[in-house]
Structure formats: structure tokens, C-alpha cells
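Okay, so here's the structure we're looking at.
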4 protein chains.
Amino acid sequence: MSQVADSKGSRARTATAKRQRLTAAAARVVHQQGVERTTIADIARAADVPVGNVYYYFKTKDDLVAAALSEHAHGLQTLTTRLDRLPDPRQRLKGLVAAWVGERELAARYGCPTGTLASELGKRDEGGLAEEAGKVIRLLLDWAGHQFRQLGLPDPDGLALTLVSAYQGMSLLANALREPGVMTREGRRLTDWLDSLPDPRD
Amino acid sequence: MSQVADSKGSRARTATAKRQRLTAAAARVVHQQGVERTTIADIARAADVPVGNVYYYFKTKDDLVAAALSEHAHGLQTLTTRLDRLPDPRQRLKGLVAAWVGERELAARYGCPTGTLASELGKRDEGGLAEEAGKVIRLLLDWAGHQFRQLGLPDPDGLALTLVSAYQGMSLLANALREPGVMTREGRRLTDWLDSLPDPRD
Amino acid sequence: MSQVADSKGSRARTATAKRQRLTAAAARVVHQQGVERTTIADIARAADVPVGNVYYYFKTKDDLVAAALSEHAHGLQTLTTRLDRLPDPRQRLKGLVAAWVGERELAARYGCPTGTLASELGKRDEGGLAEEAGKVIRLLLDWAGHQFRQLGLPDPDGLALTLVSAYQGMSLLANALREPGVMTREGRRLTDWLDSLPDPRD
Amino acid sequence: MSQVADSKGSRARTATAKRQRLTAAAARVVHQQGVERTTIADIARAADVPVGNVYYYFKTKDDLVAAALSEHAHGLQTLTTRLDRLPDPRQRLKGLVAAWVGERELAARYGCPTGTLASELGKRDEGGLAEEAGKVIRLLLDWAGHQFRQLGLPDPDGLALTLVSAYQGMSLLANALREPGVMTREGRRLTDWLDSLPDPRD
DNA sequence: CATGAATGAGCCTTCATTCAT
DNA sequence: TATGAATGAAGGCTCATTCAT
């Protein structure tokens with residue numbers, strides 16, 4: 001009994017693992033090369049999966065891109081979940097900024113994964129992937145808005161917009177100029193800004 | 001003789017006009033569709049030039065992209081030149097922000113022409129087009145830095161970075177969320193910020 | 001012990017049932033979609049059998065097509081066996097025509113199962129399936145020839161050919177024109193023709 | 001002037017010739033192999049055109065099939081136009097039958113070009129090619145109906161249906177049985193039938 | 001210089017068939 | 001026997017680029 005279960009479980013586990021490998025590879029390669037320049041073969045190679053087999057897990061290339069997107073969303077949620085353990089909303093926001101700065105090398109090389117993806121997908125008409133990318137960014141906006149709200153600040157959503165917008169801007173510039181230092185500098189500015197905000201709860 | 005001259009002149013003029021039409025078309029279409037999704041045929045059609053003829057003016061597709069890039073650089077210079085007529089650096093910077101907000105519909109649909117281009121080109125290794133895109137953004141940074149410097153503010157280049165970064169961020173978010181309102185809101189914030197900066201020259 | 005026996009028996013019965021389900025599904029789906037447009041997966045789905053399992057019962061796709069063919073042959077024999085119960089050969093032939101007309105909706109949508117299959121398989125070189133299809137049609141020719149012979153008519157095989165040919169023609173036209181009425185009209189004509197034939201036995 | 005005209009003409013002629021070659025090759029190869037088993041490469045090879053170039057003339061494979069269909073329609077009209085020169089409608093109809101019988105070898109090998117095409121296309125849902133095939137067959141029905149009408153016979157369209165139906169049936173059987181003799185025998189029967197019809201105009 | 005046509009490499013996707021358990 | 005997964009060979013189609021005139 002347990003053998004059968006194990007057997008099935010192992011197969012399922014393998015299948016899931018492969019799917020996961022493909023998703024992760026898609027997220028990584030698409031971040032690095034962009035959607036259009038990324039080949040199914042590229043992703044298959046990165047995931048060490050035969051090309052033809054990719055289609056067993058993802059019906060189309062767009063499905064893979066969607067998976068990459070949700071992988072980024074997942075990474076985002078992992079981060080915010082971790083930050084949520086911090087007691088103070090302001091600390092959480094500063095932790096977010098710190099995380100961004102921590103990724104400065106990647107950002108300087110390839111930009112923000114979600115932002116560049118949204119940018120590229122935004123130039124499409126069909127598929128609905130652009131909307132999907134927008135949703136991932138909204139996750140971040142919502143979380144940040146929640147923190148600002150907890151701080152009791154007026155217009156928390158506006159503040160979130162400013163924060164996330166600053167992140168996207170600094171990522172894009174760091175990337176365009178190939179200068180991780182942009183992340184450091186603007187990150188510090190954001191941290192200072194967060195510190196400067198009053199805490200009406202006092 | 002004069003006929004021949006006229007003919008040549010007219011041809012030359014025509015030729016120049018064609019080149020210009022192609023450049024403008026490339027800038028427009030690439031902004032809308034992105035580099036990879038844009039076909040030489042797309043640009044040729046938009047410029048009303050036969051496909052085969054494009055290659056007389058541009059040796060490769062990358063040359064056309066470079067032309068699109070310089071077209072954006074040119075547009076940028078036209079704008080800053082106009083703003084330079086304003087007497088006050090602060091007014092010039094606010095004029096820049098106003099210009100950005102004025103393009104909010106386009107930004108919400110396709111993002112910042114230069115920013116999205118830089119983002120897409122940044123995912124390439126070869127060609128040097130990424131560097132080219134960086135240069136165009138630097139033009140903007142330099143101009144803004146110049147204004148902040150004229151205002152006598154400390155760290156003018158840092159302020160320029162913050163300003164341009166904010167622009168790229170708000171364009172990307174407006175685009176990702178398909179909300180021109182982001183441009184309006186963040187534009188107002190930038191204007192307020194510019195107004196809030198001291199003028200050490202006083 | 002009896003459990004094991006039952007189990008085996010049930011399995012065997014199940015296995016046979018599965019084979020039968022696959023055969024029936026193949027006949028149906030191939031009739032509807034044609035050989036080339038039909039996927040093993042299509043048939044497996046229609047038979048509610050896992051794809052991988054199909055190959056336990058049929059070594060190749062062609063084997064499945066052959067099974068579909070013999071399924072049609074079987075259906076044909078079921079029909080002629082039923083008609084054979086009628087006392088008069090002329091009644092039997094008219095019964096055949098009536099059966100054809102009874103299938104007019106299916107014929108108008110997908111043509112004669114055997115005829116369209118023969119037509120498609122006829123465009124192959126290898127495999128011998130074309131011959132197989134020819135044999136099924138010959139079954140019909142033989143049966144009809146037998147009836148005409150019993151009627152004592154001269155050239156009974158020629159009459160059979162004319163009859164079956166008319167059936168194939170009207171099926172094809174009904175299908176091409178998507179008009180079941182063709183079956184009705186030509187069926188009536190065939191019935192009248194059968195009635196008009198003399199009965200030399202009188 | 002004439003040089004330019006010639007030059008353009010020659011190019012146009014070449015292009016047209018190539019298109020024509022592709023159309024003819026498509027008609028031929030599709031007749032022999034069927035739609036699904038025919039690859040673009042097959043047609044390209046038969047027309048001696050590089051594969052990639054095919055798409056300059058035909059946007060999709062279906063376009064090529066449509067071209068093959070209209071090629072058959074064209075052949076049909078060439079035939080009927082020739083027959084129209086005969087003074088008597090009955091002679092024209094008998095001429096049609098004779099033409100069919102003349103093609104018996106091809107019919108025995110590959111069936112009626114239009115009929116088998118209609119049969120294969122009829123198993124599709126999309127594309128509208130099935131309808132197109134139906135139209136080609138209607139051309140034949142209409143012409144035949146016109147002849148019967150000129151003969152002053154009652155129900156001329158019904159007679160046309162019977163005639164064309166007989167043709168499709170005998171082609172299919174000749175093909176399925178691989179016996180050109182079927183065409184001869186049934187052709188003779190049709191000729192006799194046409195002769196047996198009264199001429200109400202007498 | 002202009003232009004329709006040509007070329008070929010490459011990409012996404014499908015599918016019959018096989019494998020591992 | 002059963003079954004999800006794996007594999008690899010095509011096939012349709014696109015497109016940057018080149019050619020011939």
C-alpha cells in the first residue's frame with residue numbers, strides 16, 4: 001500500500017518538481033532575456049527538460065510567461081510575509097527598500113523582474129498577460145498601502161504609489177545606466193523619506 | 001542641366017524625406033510594439049516605403065532602432081531647448097514635469113518611449129544599443145542636473161537622478177496599471193517637491 | 001482463489017470492453033474528423049482510456065484505423081443480417097436503401113463512414129489500409145450482388161455496382177452540399193428503380 | 001518605355017507564373033496525397049519553389065488549398081466551355097460523361113479531385129473551405145441542370161443531381177476498388193440513360 | 001535609387017510512440 | 001496491465017536580409 005502510494009507520490013513529486021523547475025527557469029531566463037528573445041528551447045535547456053516535454057506542462061509559451069509572472073508574485077509574497085513579522089510598519093517598509101537595494105546587481109543588469117515584464121507585455125494587445133503583470137504590481141502596491149495605512153498616514157495608497165513608483169524608476173535607471181549605485185543612492189533616499197514621515201499614532 | 005539638378009535635388013530631398021519618414025515611423029511603431037515585435041515591414045508600411053527600399057537607408061534592423069532612439073533624443077532636445085527659454089531653472093524643471101504629464105495618455109498606453117526602449121534593449125548582450133539608450137537617458141539627467149546646479153542646490157546630479165527616476169517609475173506604473181491618473185498624481189507631487197526646494201541663491 | 005479468478009476474469013472482461021470501447025471510439029471519431037486529423041489522444045479521450053494504455057491494445061495508429069474499419073464492416077454485417085430476414089431480395093435491397101436514408105443526417109454531416117475512409121486511405125501508398133477499405137466496400141457489393149442474383153436479374157454484380165455507387169455518390173453530395181435532402185431524394189429514386197426492375201422469376 | 005514595360009511585365013509574368021505553378025502543383029499534389037498528408041514543402045518541391053517563398057504568394061496552407069480548389073473549378077469551366085460548343089444539350093452531357101471516363105485511370109488512383117477534396121474538407125469545422133468545395137460541385141450541378149432544362153425535361157435539377165451523384169459514386173468506387181473499369185462500365189450506363197431520356201422538344 | 005521577389009534559418013507547436021513504474 | 005510522463009521528429013509560419021532588374 002505504502003509502496004503504491006510512494007510510487008505515485010514519487011511520480012507526482014517528480015512531475016511537480018519538473019513543473020517547478022520549468023517555472024523557475026522561465027522566470028529567470030525571461031527576466032534576463034525578455035519575453036520575445038526567450039525561446040522555449042532556452043527555458044527547456046535552463047530547466048534541463050527536453051523541448052518537446054515542455055508542452056506537457058505548459059500548453060503555450062504564454063502559459064510559461066504567465067508561470068514566470070506568478071513565480072515573481074510568489075517571490076514577492078515570500079518577501080512581504082517575512083517582512084510582516086517585523087513589529088513596526090515603518091520597519092517593514094524600510095525592510096522592503098533594503099531588499100530592493102540588496103538586489104541591486106541584478107536590477108542593474110536586468111531591471112526589476114516584474115517591472116520589465118510589465119513593460120514588455122504592455123506592448124501587446126492580446127493575451128491578457130499585461131493585465132496579469134499589472135496585478136502582480138498591484139500586490140506590491142496593496143501591501144505597501146496597507147503599511148502606510150497602519151502608520152495612520154493620510155493617503156496611504158498615494159504613498160504606496162510613490163514608493164513603488166520610485167522603486168521602478170530606480171530599477172530602470174540603474175539598469176539603463178548599468179549602475180547598481182543608483183539603487184544604493186535612491187534606496188537611501190527612500191529610507192530617509194520613510195523615516196521622515198510622522199507617526200500620527202504617537 | 002537645371003532639370004537634372006532639380007531632379008537630383010528633388011531626389012535628394014525626397015531621399016532625405018524618406019529617411020526621416022522611416023526614422024519617425026520606427027520611433028513610433030517601436031514605442032508602440034516594442035523592438036522584437038516590430039517588423040521591418042511594419043515600419044516600412046507605417047512610413048509608406050517599400051520594404052526592399054528600407055535597406056537602402058538602414059543597413060540592419062538595429063540601425064533602424066538606433067534611428068528611433070536618436071529620434072527620441074531629438075524630441076527630448078527640442079523639448080529642453082524650448083524649456084531653456086524660460087528664465088528660471090525651477091520653472092524649467094516644472095515645465096518638464098508638465099510635459100510629462102501632458103503625455104500621460106501615451107505613457108499609460110505604451111510607457112515612456114526611451115525608458116521602455118532602454119528596458120528592452122538592456123536585455124541584450126550585443127549590439128551596443130543598450131548603451132545608446134543609456135546615453136539618451138543621460139541627456140535628460142544632464143539637463144536636469146544642470147538646472148538643479150543653476151539653482152545652487154547641493155548634489156544636483158543626485159536630484160536629477162531622483163527626478164528622472166520618478167518619471168520613469170510613474171510612467172511604468174501608469175503603463176502597467178493602464179491608469180493615466182498615475183501621471184497626474186505623481187506629476188503633482190513632483191511639482192510640489194520642486195516648489196519645496198529652497199533657492200540658495202536668494 | 002475465487003477472488004483472484006474473478007479479478008482476472010473481470011480484468012479480462014474489462015480489457016475486452018476497453019478494446020471494444022477504443023474500437024467504437026475510433027470508428028466514431030475517425031468518421032467525424034478523418035484519419036489524419038484524429039489524434040490517438042482524441043480516440044483515447046472518447047473511449048475514456050488513458051493515452052498510454054491505448055498502445056497495449058493497438059500497436060500503432062494504423063491498427064486503430066483498421067479496427068475502425070472493421071467496426072464499420074461489422075455494422076454493415078449487422079445490417080445485412082437483419083435484412084436477410086426479409087423474405088424477398090427486392091425488399092432487402094429496398095430495406096438497405098431505407099437504412100441509408102435513415103442515416104441522412106450523419107451522411108450530410110460526415111459522409112458515408114466507409115466511403116470517406118476509403119477515399120482518405122486511397123491517397124496513401126503504404127500500409128495496406130486502402131485495400132482493407134476496399135474489402136469492406138466489397139462486402140456490400142457482394143451482398144447486393146447476391147440479392148440481384150437471387151432476383152434472377154442479368155448482370156447482378158453490375159447492378160450491385162450501380163446501387164452502391166449511387167449510395168456513395170449521394171452520400172458525398174449530401175455531405176458536400178450539407179443537404180440531407182439529397183439522401184431522401186436519391187433514395188426515393190433508387191427505391192423506384194428497384195421497384196421497376198422486372199422479376200424474371202415471375 | 002517599352003523596356004520598362006517589358007521589365008515590369010516580365011517580372012509580373014514571372015511572379016504570376018510562379019503563383020500559377022504553385023497553384024497547379026497544389027492541385028495536383030493535394031489530389032494525390034490529400035490535404036492533411038500534403039506538406040507545404042511537398043507543394044514547393046513540386047512547383048520548384050523554395051519553401052519560404054511559398055508564403056509570399058499564399059499566406060497560409062489553407063490559401064493554397066483554396067487555390068487548388070479554384071484550379072479544379074477552372075478546369076471544370078474549361079471543360080464545360082468546350083462542351084458548350086456542341087449543338088445539342090444531350091451531346092454535351094454525353095461529352096461530360098465521356099470526359100469522366102477519359103480520366104478513369106486518375107480516378108481509379110486518386111478519385112475525383114473535387115469530390116475527394118470536398119470529402120476531406122467536410123470533416124473540418126472552421127475555415128470555410130468545405131463550403132468552397134461545395135460551391136465547386138454546385139458549378140457542375142448548375143451546368144448539368146442547365147442542359148437538362150434545355151432538353152425540356154421535368155425536374156432538370158434533380159436529373160443533374162442524379163448525374164453528378166453517379167459520377168461521384170463511380171469515382172469513389174473505382175478508387176476504392178482500384179478498378180478503372182468501374183468508370184467505363186458506369187459511364188456506359190450513364191450514356192445509355194442519357195440516350196433513353198425523351199426529348200420533349202420533338 | 002527603387003522595388004517586388006527570394007532565401008533560409010529559426011521558432012512554436014503537435015503528435016505518434018516509448019518508457020518507467 | 002495501467003498510466004502519467006518523456007521524446008524527438010516534423011510541420012506551418014515568420015522575418016531579417018539579399019537579389020535582380
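Chain identifiers are assigned alphabetically (A, B, ...) following the order of the sequence lines, protein sequences preceding nucleic acid strands; residue numbering begins at 1 within each chain. Owing to the predicted nature of the structure, the values given are computational and were not obtained by experimental measurement.
With sequence neighbours left out, B:Glu71 forms a side chain to side chain contact (heavy atoms under 4.5 Å, CB included) with B:Gln20, B:Thr23, B:Ala24, B:Ala27. For the side chain to side chain contact (heavy atoms under 4.5 Å, CB included) test, residues two or more places apart in sequence or in another chain that qualify with C:Asp63 are C:Phe58, C:Lys59, C:Thr60.
For A:Asp62 and E:dC11, the CG to P distance is 17 Å, given to the nearest whole Å. In this structure, CG of B:Asp63 is placed 13 Å from C1' of F:dT17, rounded to the nearest angstrom. Summarising the geometry, the separation between CG on B:Leu22 and P on E:dT3 is reported as 12 Å, rounded to the nearest angstrom. For the pair C:Phe58 CZ and E:dT17 P, the interatomic distance rounds to 13 Å; values are reported in whole Å. Atom NZ of B:Lys61 is separated from atom P of F:dT14 by 15 Å (rounded to the nearest Å). Summarising the geometry, the separation between NZ on A:Lys18 and P on F:dG4 is reported as 16 Å, rounded to the nearest angstrom.
D:Arg45 has its side chain within reach of D:Asp42: a pair of non-hydrogen atoms, C-beta onward, lies under 4.5 Å apart. Between D:Asp62 and D:Arg124 the shortest side-chain heavy-atom distance falls below 4.5 Å. B:Tyr55 is not listed as a side-chain neighbour of B:Val51, based on a closest heavy-atom distance of 4.5 Å or more. At least one side-chain heavy atom of D:Val30 sits under 4.5 Å from a side-chain heavy atom of D:Leu117. Looking at heavy atoms from C-beta onward, D:Glu36 lies in side-chain contact with C:Arg37 at the 4.5 angstrom threshold.
For the contact set between residues 32-45 of chain A and DNA chain F, defined by any heavy atom under 4.0 Å, there are no members.
For C:Asn53 and F:dT3, the shortest distance from a side-chain N or O to OP1 or OP2 is below 4.0 Å. Applying the 4.0 Å criterion to OP1 and OP2 of E:dA5, one finds that D:Tyr55 has every side-chain N and O outside that range. Listed pair A:Tyr56 / E:dT14 fails the phosphate criterion, with no side-chain N or O lying under 4.0 Å from OP1 or OP2.
Comparing A:Gly52 and C:Val51 along DNA chain F, the residue whose closest nucleotide (by nearest heavy atom) sits nearer the 5' end is C:Val51. Heavy-atom nearest nucleotides on DNA chain F were determined for D:Lys59 and for B:Lys59, and the one closer to the 5' end corresponds to D:Lys59.
The side chain of C:Pro50 sits closest to F:dT3 out of F:dA16, F:dT3, F:dT1.
With a 3.5 Å ceiling on both atom-pair distances, the Watson-Crick or G-U wobble partner of F:dT21 is E:dA2. Judged by Watson-Crick or G-U wobble contacts below 3.5 Å, the nucleotide F:dG8 has E:dC15 as its partner.
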